[in-house]
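Working notes for the structure below.
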Amino acid sequence: MRFDCKYAIFDSDGTLLDSMRYWRLAPLEYMIEHDMEIPEQMTLYDLFMGSSRHFIARVARERGLDVMAVLSGLERCMERHYRLDVREKPGVGAFLEELRAGGAKLCVATAAPREMCAAALRRFDLLKYFEFVTDGYEVGLHKGEPEFFRIVAGRLGADIADCWVFEDALYAMKGAKSAGARVCAIEDYTAGIHREEILSLADRYIADYRLLNGN
C-alpha cells in the first residue's frame, strides 16, 4: 500500500471537496443577496486569503447586525453549493478506496456543518468510506484546539498517535500536530499564502491525489 495508515481523520473542505472557492466568495454572495452595501476597499485578496466567517462577522459587527444570524445566513448560502455545485477533489475516491482496502478506518471532521458536507460526499458516493462525519459544533471545540482531534480519534476507536490527519488548513494542522497526530497536508490554492509553513509542518504533502493513483 502506498500510504501506511490504520486510522485517518479527514477534513472536508479543501481536502475531500474542492469547495473553498465557494466559501471564500460566500460573504460577497451573502451581501448581494441581502442588499448590503459592499465595503469600498474590499478586494478578492481579502476574501480568498482569510476566513469567510471572520470576514462576514467583522462586517456584521461594524454594521450593528446580529453576528450569529449573519453567520447562519452565510451557511445557508453555502448549503445550496454543497447540494448543487461543489465538486470532489480529483482522484480522492480512488485514494479512499485504497485506504479502506488496506484496512484503514476513516472519518470526517469538518469545521463546516456536518450535514452539508455529508450531503456533498453522498452525492459523489464518498460517504460510504467513512465511519462517521462530525464537526466543530458537535465536538464543541475549534479545530485549532488539540483536544478536538483527541476526541475525534477516541470516537474512531484510535489513539491519536496512530492517526493521520488529512488537512488543507494550517491552523487545523497545528492543532492536529499538537494533539500528537501525523499530518498529511492536502494542497489547496486558498492555503497558498501558508505553503512554506505547511511544508515545514506536515509529515506528508499531497499536491494532487491523482499523482498517487496508478503508480
Where [X] and [Y] come nearest, the two heavy atoms and their spacing:
X      : Y      : answer
Asp203 : Arg182 : OD2-CA, 3.3 Å
Met173 : Ala185 : CE-CB, 3.6 Å
Pro146 : Ala179 : O-CB, 3.3 Å
Ala112 : Tyr137 : C-CE1, 4.3 Å
Phe166 : Ala8   : CE1-CB, 3.6 Å
Tyr82  : Cys117 : OH-SG, 3.9 Å

Side chains of [X] and [Y]: does their closest heavy-atom pair fall under 4.5 Å?
X      : Y      : result
Met36  : Arg63  : yes
Phe130 : Leu16  : yes
Ile38  : Ile32  : yes
Ile206 : Leu212 : yes
Val67  : Leu71  : yes
Leu74  : Pro27  : yes
Leu106 : Leu96  : yes
Tyr171 : Glu145 : no

Run the side chain to side chain donor-acceptor pair (under 3.5 Å) test on Asp168 and Tyr189 for me, step by step, so that the C-alpha distance in whole Å, both residues' side-chain angles and the decisive distance to 0.1 Å come before the verdict. CA-CA 9 Å; Asp168 67 299; Tyr189 68 96; over 6 Å; no

Derivation and outcome, side chain to side chain contact (heavy atoms under 4.5 Å, CB included), residues Asp159 and Tyr7: CA-CA 9 Å; Asp159 188 283; Tyr7 302 98; over 6 Å; no

Between Arg150 and Glu147, does at least one N-O distance fall below 4.0 Å, as a salt bridge requires? yes

Using 4.0 Å as the upper bound for N to carboxylate O, is an ion pair formed by Arg24 and Glu29? no

Looking at Lys6, I want to see if its NZ is surrounded by more than 12 non-hydrogen atoms of other residues, nucleotides or ligands under 6.0 Å. no

State whether the number of non-hydrogen atoms from other residues, nucleotides or ligands found under 6.0 Å of Glu37 atom CD is greater than 12. no

Shared ILVMFWY cluster between [X] and [Y], side chains joined below 4.5 angstrom?
X      : Y      : result
Phe124 : Tyr22  : yes
Met116 : Ile56  : yes
Trp164 : Leu126 : yes
Met68  : Met31  : yes
Val108 : Phe132 : no

Has the side chain of [X] got a donor or acceptor atom that lies under 3.5 Å from a matching backbone atom of [Y]?
X      : Y      : result
His142 : Gly144 : yes
Lys143 : Phe149 : no
Ser200 : Glu197 : yes

For His81, run the side-chain contact (heavy atoms from CB on, under 4.5 Å) check against Arg83, Met78, Glu79 and tell me which one passes. Met78

Say you draw a straight line from [atom1] of [X] to [atom2] of [Y]; how long is it, rounded to the nearest 0.5 Å?
X      : Y      : atom1 : atom2 : answer
Leu156 : Thr134 : CG    : OG1   : 11.5 Å
Asp66  : Ser72  : CG    : OG    : 8.0 Å
Leu201 : Leu170 : CG    : CG    : 6.5 Å
Leu121 : Tyr129 : CG    : OH    : 11.5 Å

Donor-acceptor contacts under 3.5 Å from residues 86-95 side chains, at least two apart:
unit_1 : atom_1 : unit_2 : atom_2 : d
Lys89  : NZ     : Gly14  : O      : 3.3
Lys89  : NZ     : Glu187 : O      : 2.9
Lys89  : NZ     : Asp188 : OD1    : 3.0

Residue pairs involving residues 100-123 (criterion side-chain hydrogen bond (donor to acceptor under 3.5 Å, both in side chains); sequence neighbours excluded): Arg114-Asp135

